[in-house]
Amino acid sequence: MEFKNLLIDTTDGVTTLTINSPRTLNALNSALLHELECALYGLNLDVDVKAVVITGAGEKAFVAGADIKEMSTMSAYEGHQFGLTGQRVMLLIEKMTKPVIAAVNGYALGGGLELALACDFIYASNRARLGFPEVTLGIMPGFGGTQNLARLIGPNRANEMIFTGKMIDGTKALAWGIVNELFPPEELLAKARECAATMAGVGSVGLAYAKNAIANGLNMTKEDGFRYEASLFGVLFATEDQKEGMGAFVEKRKAEFKGK
Ligand code: DAK
């Protein structure tokens, strides 16, 4: 598929997926969401892709939200389809077997913040501005934002952000645990790629199972989560990666993981 709104580059196992619609601050319209869905589906199946960084083109925005102009004229049916596509994109990221970092280089608003929150963690530029302005438009977050934000930072801070619609800066986002690290704008992408490269070099089956255990375990009791973790842990001992990783340690050499 030819992508009109995305730039995709894969180098040494690390894919940088850039949302490339800077004239509208990378706002998510339905065409862009469809492209994102197809791209992410393909990246998940591509054995050469070990880790993904999602960022926005231009200096101002990661993604300034869903496309308000397009939404303003949608029929109920189109709005429903739009919502379903967006939710599929968010769930696809969460269910990918590869790690996904959001490199938030500016505004991450509404659906843009929801996209970042669907990623495994967020690195941000110290110029980033994050918020959920939906209530100022007469709606509410609808791509998982109420669920993901409240789970991440607790209901009180999530309530404040979602009920006021006010933006917070990178420093507050860091203090509240929305963002893992802040960088100067010119360093952000390199730092995100560097972290992605580290993750691309580890045993990818172990990483995929860890991602699965964390995501699914959050919906279980602690005891069920422990049981689930143990079952995945056991399966890893049937993989070549486990033999290679431990063998390399014992033989004092660098492991060459095959992802199987
Ligand atoms: N949609 C469409 N166009 C946008 C946009 C957006 N979200 N954000 C910015 N743009 C466009 C502007 O209209 C402008 O285009 P022109 O007027 O030049 O043609 C261009 O990008 C540059 O923006 P500004 O001139 O406004 O730039 P400023 O630096 O002055 O301001 C800003 C930057 C980010 C503060 C401002 O652009 C802004 O407030 N943007 C809107 C932010 C926003 O409200 N985002 C949340 C959108 S609501 C659903 C689930 C989820 C959602 C929807 C449905 N279902 C389940 C059905 C999600 C909803 C949202 O995300």
Side-chain angles (χ1 to χ4, degrees), residues 4-7 17-38 40 54-95 100 102-119 122 124-153 157-173 178-179 185 188:
K4 295 202 173 93
N5 303 288
L6 302 177
L7 302 171
L17 190 164
T18 306
I19 297 170
N20 186 29
S21 188
R23 274 191 303 164
T24 54
L25 306 187
N26 304 317
L28 302 173
N29 58 31
S30 10
L32 205 157
L33 277 177
H34 278 299
E35 288 191 14
L36 259 182
E37 184 180 9
C38 292
L40 290 164
I54 300 181
T55 194
E59 294 184 348
K60 276 180 81 170
F62 173 70
V63 170
D67 188 321
I68 302 170
K69 284 177 199 155
E70 187 189 38
M71 284 192 295
S72 68
T73 59
M74 273 180 190
S75 66
Y77 178 73
E78 287 166 336
H80 187 206
Q81 294 307 310
F82 183 73
L84 291 177
T85 312
Q87 290 183 345
R88 280 199 305 272
V89 167
M90 307 304 154
L91 290 173
L92 203 49
I93 296 172
E94 290 177 21
K95 291 191 187 312
V100 185
V104 171
N105 51 310
Y107 290 111
L109 303 175
L113 181 51
E114 291 176 304
L115 177 66
L117 289 169
C119 296
I122 303 174
S125 132
N126 47 27
R127 273 202 228 130
R129 308 263 288 150
L130 290 74
F132 278 117
E134 279 87 343
V135 292
T136 70
L137 297 165
I139 56 171
M140 62 177 273
F143 290 154
T146 57
Q147 303 307 301
N148 283 336
L149 189 68
R151 279 174 170 76
L152 187 64
I153 64 175
R157 286 170 170 169
N159 291 344
E160 186 181 339
M161 280 184 76
I162 292 170
F163 298 172
T164 64
K166 283 195 178 153
M167 295 182 211
I168 61 169
D169 63 14
T171 308
K172 188 177 259 189
I178 301 175
V179 160
L188 171 67

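Just so it is clear, the model here is predicted, and its values are computed rather than measured. We count ligands from 1, going down the list as the structure has it; atoms in each ligand are counted the same way. What you see below is based on every heavy atom in this structure, not just the backbone, and it leaves out hydrogens, waters and symmetry mates.
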Determine, using heavy atoms of [X] and all atoms of ligand 1, whether some pair is separated by less than 4.0 Å.
X: Met71; result: yes
X: Gly79; result: yes
X: Arg23; result: yes

A side-chain contact here means heavy atoms from C-beta on lying under 4.5 Å apart; do [X] and [Y] qualify?
X: Leu117; Y: Ile178; value: yes
X: Glu94; Y: Asn148; value: yes
X: Asn105; Y: Pro185; value: no
X: Leu6; Y: Thr18; value: no
X: Arg151; Y: Gln147; value: yes
X: Asn26; Y: Phe62; value: no
X: Leu130; Y: Met167; value: no
X: Lys60; Y: Pro22; value: no

[atom] touched by protein heavy atom at under 4.0 Å:
atom: atom 41 (C) of ligand 1; value: yes
atom: atom 44 (O) of ligand 1; value: yes
atom: atom 23 (O) of ligand 1; value: yes
atom: atom 27 (O) of ligand 1; value: yes
atom: atom 30 (O) of ligand 1; value: no
atom: atom 19 (O) of ligand 1; value: yes
atom: atom 50 (C) of ligand 1; value: yes

Got more than 12 heavy atoms from elsewhere within 6.0 Å of CD, Glu59?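 Counting neighbours around CD of Glu59, 12 or fewer heavy atoms of other residues, nucleotides or ligands fall under 6.0 Å, so no.
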Which ligand 1 atoms are under 4.0 Å away from a heavy-atom of [X]?
X: Lys60; answer: 27 (O), 28 (P), 29 (O)
X: Asp67; answer: 1 (N), 2 (C)
X: Gly83; answer: 55 (N), 56 (C), 57 (C)
X: Lys69; answer: 13 (O), 15 (O), 16 (P), 17 (O), 19 (O)
X: Gly110; answer: 61 (O)

Write out the residue and atom name of the closest protein heavy atom to [atom], then the distance separating them to 0.1 Å.
atom: atom 37 (O) of ligand 1; result: Leu25 CD1, 3.8 Å
atom: atom 59 (C) of ligand 1; result: Ala66 CB, 3.6 Å
atom: atom 1 (N) of ligand 1; result: Ile68 N, 2.9 Å
atom: atom 4 (C) of ligand 1; result: Thr24 O, 3.8 Å

Backbone, side chain, both or neither: what part of [X] comes under 4.0 angstrom of ligand 1, heavy atoms only?
X: Glu134; answer: side chain
X: Leu137; answer: side chain
X: Ala64; answer: both

Stepwise side chain to side chain contact (heavy atoms under 4.5 Å, CB included) test for Leu40 and Val89: CA-CA 8 Å; Leu40 290 164; Val89 167; 3.9 Å; yes
Report yes or no: do Glu35 and Asn5 form a side-chain donor-acceptor pair below 3.5 Å?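 Per modelled atom types, Glu35 and Asn5 side chains form a pair under 3.5 Å.
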Regarding Glu37 and Thr85, is there a side-chain donor-to-acceptor distance under 3.5 Å anywhere?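 No - no donor-acceptor pair under 3.5 Å links their side chains.
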Counting both backbone and side chain atoms, is some N or O of Leu109 under 3.5 Å from an N or O of ligand 1? no
Heteroatom distance test (Ala27, ligand 1): nitrogen or oxygen, under 3.5 angstrom: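 No.
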Worked verdict on Leu36 versus Leu17 for side chain to side chain contact (heavy atoms under 4.5 Å, CB included): CA-CA 9 Å; Leu36 259 182; Leu17 190 164; 3.9 Å; yes
